[in-house]
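Input: a single structure, listed below in structure tokens.
One-based numbering, in listed order, for ligands and for the atoms of each.
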Amino acid sequence: MKTIEKDKKYLIQCYTTDDIVFTRGKGMYMYDESGKKYLDFSGQFSACTLGHGNEEMIEALKEQLEKLVSVTSCFATEERAALAEKMIEISPEGLDKVMFGCTGSDANEFALKTAKYYRGGGRVISFRRGFHGSTAGAAAATGKSEMIQENSGISELLPRGFVHSAPPYCYHCDFGKEPGTCGLQCLKYLEQTMLHEGGDRIAAVISEPIFAAGGVIVPPKGFWKGVRELCDKYGALLIFDEVVTGIGQTGSMFACQYEGVTPDILVTGKGLTSGYVPGSAVLCRREIGEAMSKISLHGHTHSCYPLTCRSALKNLEIIEREHLVDNSRETGDYLHEKLLVLKEKYDVIKDVRGRGLLQGIEIEGSPNADKYVLGQEFYETMLENGLITELESRKNLENVVVVMHPALITSRENVDEAVEIIDKSLKTCLK
Ligand SMILES: Cc1ncc(COP(=O)(O)O)c(C=O)c1O
């Protein structure tokens with residue numbers, strides 16, 4: 001039986017969208033069964049920071065596999081202590097304690113648990129169009145009405161007490177305002193929501209600094225400073241979910257450093273280990289971490305495994321040595337400029353947004369093409385032409401955005417190749 005047939009026969013196809021079987025990867029490229037080459041501008045959900053098949057990483061992991069792999073969180077290891085120290089070193093000042101996890105979702109669960117425990121309960125405010133994961137608390141905070149929220153049976157699993165505020169999405173402003181003259185209505189609405197939902201009894205506000213899966217939504221200048229002030233005013237903890245934006249993806253180690261806003265809790269995952277081994281981390285202020293040290297309500301068997309810690313340490317070592325965060329910023333700017341040129345060329349490209357190597361293209365329809373059909377065709381044609389991106393397109397959210405978050409090793413030549421494929425694919429779709 002062919003791999004794809006076997007896969008379809010036995011595997012629950014929750015996420016599968018394409019009939020491609022990948023067999024290997026090297027650097028920025030992935031190869032399918034037939035040997036066809038694809039330029040990976042998805043970074044596999046933004047996890048593959050160093051690109052595929054990084055030999056230095058593989059050597060470090062081999063060495064660690066031989067040394068020690070399985071150690072539960074009951075015990076300390078050299079790797080765990082070293083990674084904890086490193087995480088505090090690279091994170092914004094004021095975040096002095098860290099906890100490790102396996103995925104972005106479970107790290108967000110810990111962040112939410114921490115906020116509830118530290119604040120003695122209270123509502124959690126998040127934003128429509130934000131994404132935080134597929135476990136219960138993370139899914140409840142998600143504002144994209146994912147399957148779990150839409151299905152009345154499964155949605156019983158979602159905890160209560162999660163409230164969604166208006167997103168800072170200038171292109172689709174919920175208040176019909178224009179950037180620059182809007183008076184930050186979304187911030188005013190957030191304060192009303194906070195007051196309405198408990199005022200100084202709110203546990204936390206959780207958000208991605210740039211909403212990735214929601215369609216690369218970059219909040220307007222001053223928004224996060226305003227949110228920080230509101231959290232301070234009402235005593236709510238500010239949680240930044242940097243599972244996508246962190247570890248250099250947006251051109252600074254963490255997106256909040258660019259904003260100059262420090263959260264009380266910062267969550268990271270995906271690119272932390274460059275995706276070679278699953279891993280995530282939650283950083284927080286010292287007193288919050290010390291409060292959590294007193295409880296035994298959280299832990300995963302694999303969460304502090306030396307192999308995970310070693311992959312994160314090696315990843316961070318390479319990122320720093322090769323100045324990959326700078327590369328993300330510079331090459332990301334180059335990508336942004338080239339996408340803006342395409343925006344001038346095609347009427348259906350209405351907005352180009354992003355920071356560093358997290359960029360998105362917002363598509364509208366044309367008289368001959370429904371935007372959802374066009375978005376799907378565009379995505380599939382790019383794939384056919386050898387470019388992997390992500391398509392965020394849901395009718396209930398009314399947006400169609402091609403999302404790109406390639407590895408931090410992306411070069412200008414890779415950008416030129418990607419943009420050529422984007423151009424060629426869109427031309428084909430509009431014929
Ligand atoms: C912003 C954000 N947070 C959390 C998650 C969940 O991470 P994971 O899939 O590792 O559970 C994701 C996944 O896409 C994400 O985009």
Side-chain angles (χ1 to χ4, degrees), residues 14-17 42-49 99-115 124 126-149 158 162 164 167-169 204-219 224 238-250 254-256 263 265-283 298 300 302-303 308 311-312 315 354-360 388-392 394 397 401 403-406:
C14 264
Y15 249 128
T16 320
T17 50
S42 139
Q44 300 314 295
F45 286 169
S46 92
C48 200
T49 314
M99 172 71 165
F100 298 121
C102 304
T103 66
S105 301
D106 73 66
N108 274 328
E109 295 296 327
F110 182 69
L112 293 166
K113 219 180 260 181
T114 301
V124 173
S126 59
F127 294 92
R128 291 195 291 278
R129 299 179 187 270
F131 183 79
H132 301 292
S134 50
T135 52
T142 289
K144 289 182 68 210
S145 54
E146 296 291 313
M147 275 311 286
I148 191 168
Q149 291 161 328
L158 298 179
F162 285 77
H164 299 101
Y169 189 4
V205 174
I206 179 170
S207 183
E208 304 157 79
I210 295 176
F211 298 29
V216 192
I217 299 168
V218 185
W224 289 124
L238 177 59
I239 306 173
F240 271 151
D241 173 350
E242 296 234 25
V243 170
V244 171
T245 55
I247 317 295
Q249 191 71 56
T250 57
F254 295 103
C256 67
I265 303 177
L266 189 154
V267 181
T268 183
K270 295 191 191 255
L272 173 65
T273 54
S274 191
Y276 282 74
V277 178
S280 55
V282 181
L283 292 137
H298 190 89
H300 296 282
H302 312 284
S303 54
T308 309
S311 62
N315 182 36
R355 191 176 299 142
L357 283 169
L358 170 61
Q359 296 288 332
I388 310 173
T389 60
E390 265 172 52
L391 177 67
E392 291 300 331
R394 290 170 72 86
L397 294 174
V401 182
V403 178
M404 288 167 273
H405 23 50

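Taking every non-hydrogen atom of Asn108 and a distance limit under 4.0 Å, the qualifying atoms of ligand 1 come out as 3 (N), 4 (C). Contact atoms of ligand 1 toward Thr103: 10 (O), 11 (O) (distance under 4.0 Å to a heavy atom of the residue). Residue Gly133 approaches ligand 1 through these ligand atoms, each under 4.0 Å from one of its heavy atoms: 6 (C).
Of all the heavy atoms of Glu208, the ones lying under 4.0 Å from any atom of ligand 1 belong exclusively to the side chain. Neither the backbone nor the side chain of Ala213 comes within 4.0 Å of ligand 1, counting heavy atoms alone.
The shortest side-chain heavy-atom distance between Leu158 and Gln149 falls under the 4.5 Å cut-off. Inter-residue side-chain proximity for Pro263 and Cys256 is flagged as met; some heavy-atom pair is nearer than 4.5 Å. Between Gln44 and Ile388 there is a side-chain heavy-atom pair separated by less than 4.5 Å. Under the 4.5 Å side-chain criterion, counting only non-hydrogen atoms from C-beta, Phe127 is in contact with Val205. Counting only heavy atoms from C-beta outward, the side chains of Val218 and Arg355 approach each other to under 4.5 Å.
Counted by atom type alone, Thr268 and Glu242 present zero donor-acceptor pairs between their side chains at under 3.5 Å. In this structure, a donor-acceptor pair under 3.5 Å is absent between the side chains of Asn108 and Ser105.
Considering only non-hydrogen protein atoms, atom 16 (O) of ligand 1 sits nearest to Val244 CG2, 3.2 Å. Looking only at protein heavy atoms, the nearest one to atom 3 (N) of ligand 1 is Asp241 OD2, 2.7 Å. What sits closest to atom 9 (O) of ligand 1 on the protein, heavy atoms only, is Ser105 OG, 4.4 Å. For atom 13 (C) of ligand 1, the closest non-hydrogen atom of the protein is Lys270 NZ, 3.1 Å.
Ligand 1 has at least one atom lying under 4.0 Å from a heavy atom of Phe131.
Checked by distance only, ligand 1 and Gly104 come closer than 3.5 Å through their nitrogen or oxygen atoms.
Each of Leu357, Thr389, Thr49 was scored for a side chain to side chain contact (heavy atoms under 4.5 Å, CB included) with Pro406, with one residue passing: Leu357.
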